[in-house]
Protein chains: 2
Amino acid sequence: MHPPTVEDVARAAGVSRQTVSNVLNAPQRVRPETRARVETAIEQLGYRPNRVAQSLRAATSRMIGYRIEPMHPHALGSIHDRFLHALAEAGRAADRHLLLFTADDPQDEVANVQALHRAGAIDGVVLYGIQSGDPRPPGLRQLRIPFAAFGRTGADAEHPWVDIDNAAGTAAAVEHLVTGGHRRIAFVGYPQGAAVGDRRADGWRTALDQHGLLDGSHHLDLRGEDSLATGSRLAEVLLDHPTPPTAVVAATDTLAAGVLRTVRQRHARLAVVGFDDTPTAGALDLSSVRQPIEAVGHAMIRALLGPVPGETPGEPTGQLLAPELIVRASSAPH
Amino acid sequence: MHPPTVEDVARAAGVSRQTVSNVLNAPQRVRPETRARVETAIEQLGYRPNRVAQSLRAATSRMIGYRIEPMHPHALGSIHDRFLHALAEAGRAADRHLLLFTADDPQDEVANVQALHRAGAIDGVVLYGIQSGDPRPPGLRQLRIPFAAFGRTGADAEHPWVDIDNAAGTAAAVEHLVTGGHRRIAFVGYPQGAAVGDRRADGWRTALDQHGLLDGSHHLDLRGEDSLATGSRLAEVLLDHPTPPTAVVAATDTLAAGVLRTVRQRHARLAVVGFDDTPTAGALDLSSVRQPIEAVGHAMIRALLGPVPGETPGEPTGQLLAPELIVRASSAPH
DNA sequence: ACACCTGATTTGAACGTTCAACACGACATT
DNA sequence: AATGTCGTGTTGAACGTTCAAATCAGGTGT
């Protein structure tokens, strides 16, 4: 009826509980002959160790918490779901599973994590959507709950994190456009203050500067909220300027899509590169900077599980991964 | 150090283990005076019952398995992530959490579910992306693992399912277009055989028929794989016909986006309605049929958990929910 | 022949919870 | 006065696993 236990296997193989356990966890301690006998019994009964009992005994659930957040209403399908899948896949390799939970806000998230951790349901948590000054890392650190953050807060020397090199992404976009012959390259981002947005702006500015193209580009740095409408509007502003740009680097695919809409409506000539390589980018033939999300997933799990016992514990707390530019028609040289 | 246990609370309140347990699970059995004492002790120590121990004792993990699948490379961000969030939210209300796992194919999914179920990690599973003749429902039924399916296989009298009324969705799209003055309304779907696709085709055909518009509409029913390119190509075919349609109902937003691309390239007059209301639909100003995904989430959890003990067990195995048409510029009357 | 080790296996205990059975006093019934 | 019943609280046992300590046979060396 009920799934077989070690005891059942032991009885079938004519040995004791612990010997069965040893066959699974420390085979070298068991005489090959006995081991074979136990293994056939396991096979025949289709025995699988009960994870719950293991968790209780070992005081570790091998579960990682993850807050699934509602989609941002205006976003074109964020990279959130790609990340989630990458995380699950990476967890599988490390024999960890994800436990999903919901929360109303960052405070609530910390509270829920604490509850789950206290209850033994999760060993740690992966944080997504880190903002500068995010209350979650300090909160969890104080509660001594293991976690790893996707993104940086500005004060992240104390905890494991993984991040995309956002500046390198926009810089790569600029390089690509310069190679394509563009000299006036605008930036459309969201307002200063958001760490991610600022880094993407920095990459654009630095790359322009390296090519000596920054002078007289002040009017080409526009900001607004992350929405289609804003992208559209800012594109109007750019195109209506006496010396309009010939190319735009956008901080998100959403903004890029807005720009593209205006461009296509007005039949203007304006190369566009977005950021995140959302599914929509493919649909719109929009060049975009793609985050190496699978690598991020693996790095997050590694960072969360910490140094494997035996390795040197003084490993770096953070890891920065390079994104990749996907070139499509929206930025093809004319 | 370690989180407090019932024993700790009991000691602090000067009672026994079981009394603490009773305060939490059967308060009416405890004298109000004692109950108050225990409750303050719980409060002070910040006690939370250990879920793992509860699971071991009760032989139920209160976890629901869910296979997270990689994104379809050509899809414009499916409704998958919306569904996942709705499911997590619905689970919260029922004190259930989701456990994510990955799998290579349906067979592998069944195998992984069995492993997790045998290991006591999950009580049941929610199936997504059901196809006609899907091997998962019969497989899980044979293994006696509780599950609920989002979608129908064609032979689903035997298990709980929840589905969108796909036919009603395309029918609503037709109604909307007829009201807008359209008389030649085409359908672009994917090939026959896929249950979902066929139902969406049926809805279109039936609605046309009710308005007496089906005669001479044979050439307006086109099929192909679910991709942008196909949508584009089929739109060309429609527009090149001697009596082209004035409107198109597409089986997916992906196909609709393809149609829209051609339409806008050729500056043709062709109203378009998609299906799924993906984020991309908003970006393209595409009218689309929206699935009531939050309601589906709750219905799935209810269906999975089955009749609450006390209610009549002979409840219906399936539930059909009506979608809603979201009207945008792509189908606005000219 | 004795103590001593080594390898293979077994038994006891514990993780934290809740069900089942039991103990005890107060009060009601006959 | 003996018996029953209820309300409140206790202790024992069990869920399935693995760590720690105990057991036991089979050598090896002196």
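Letters A, B, ... mirror the listed sequences (proteins, then strands); counts begin at 1. All values below come from the heavy atoms of this structure, side chains included, with hydrogens, waters and symmetry mates left out.
End-to-end axis angle of the helix from C/dA1-D/dT30 to C/dT30-D/dA1, from C1' rotation axes over five pairs per end: 60° (rounded to 10 degrees).
Under the 30°/60° scheme for interplanar angles, the aromatic rings of B/His80 and B/Tyr128 are found to stand perpendicular.
Taking A/Ser16 as the reference, A/Gln18, A/Thr19 meet the side chain to side chain contact (heavy atoms under 4.5 Å, CB included) condition, with sequence neighbours excluded. When the ring-ring contact (aromatic ring centres under 6.0 Å, His included) test is applied to B/Phe147, the partners found at least two apart in sequence or on another chain are B/His159. Judged as a side-chain hydrogen bond (donor to acceptor under 3.5 Å, both in side chains), and not counting sequence neighbours, the contacts of A/Arg136 are A/Glu109, A/Asp134. By the side-chain hydrogen bond (donor to acceptor under 3.5 Å, both in side chains) test, A/Gln54 is found to be paired with A/Arg62, residues two or more places apart in sequence or in another chain being considered. Under the side-chain hydrogen bond (donor to acceptor under 3.5 Å, both in side chains) criterion, A/Arg152 pairs with A/Asp163, not counting sequence neighbours. The side-chain hydrogen bond (donor to acceptor under 3.5 Å, both in side chains) search around B/Arg290 returns B/Asp277, not counting sequence neighbours. Scored by the side chain to side chain contact (heavy atoms under 4.5 Å, CB included) test, B/Gln44 finds no partners at all (sequence neighbours excluded).
Between the CZ atom of A/Arg118 and the P atom of C/dG16 there is a distance of 14 Å, rounded to whole Å. Taking atom CD of residue A/Gln54 and atom C1' of nucleotide D/dT17, one finds them 7 Å apart after rounding to whole Å. Separating the CZ atom of A/Arg11 from the P atom of C/dT10 is a distance of 14 Å, rounded to the nearest angstrom. Atom C1' of nucleotide D/dT18 and atom OH of A/Tyr47 are separated by 10 Å, given to the nearest angstrom. Rounded to whole Å, the distance from CD on A/Gln28 to P on C/dA8 is 10 Å. The distance from atom CG of B/Leu24 to atom P of C/dG16 is 16 Å, rounded to the nearest whole Å.
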> Can you give one letter per nucleotide of nucleotides 9-15 of chain D, going 5' to 3': B for a protein heavy atom under 4.0 Å from the base, S for sugar-phosphate only, - for none?
Replying inline: SBBBBBB

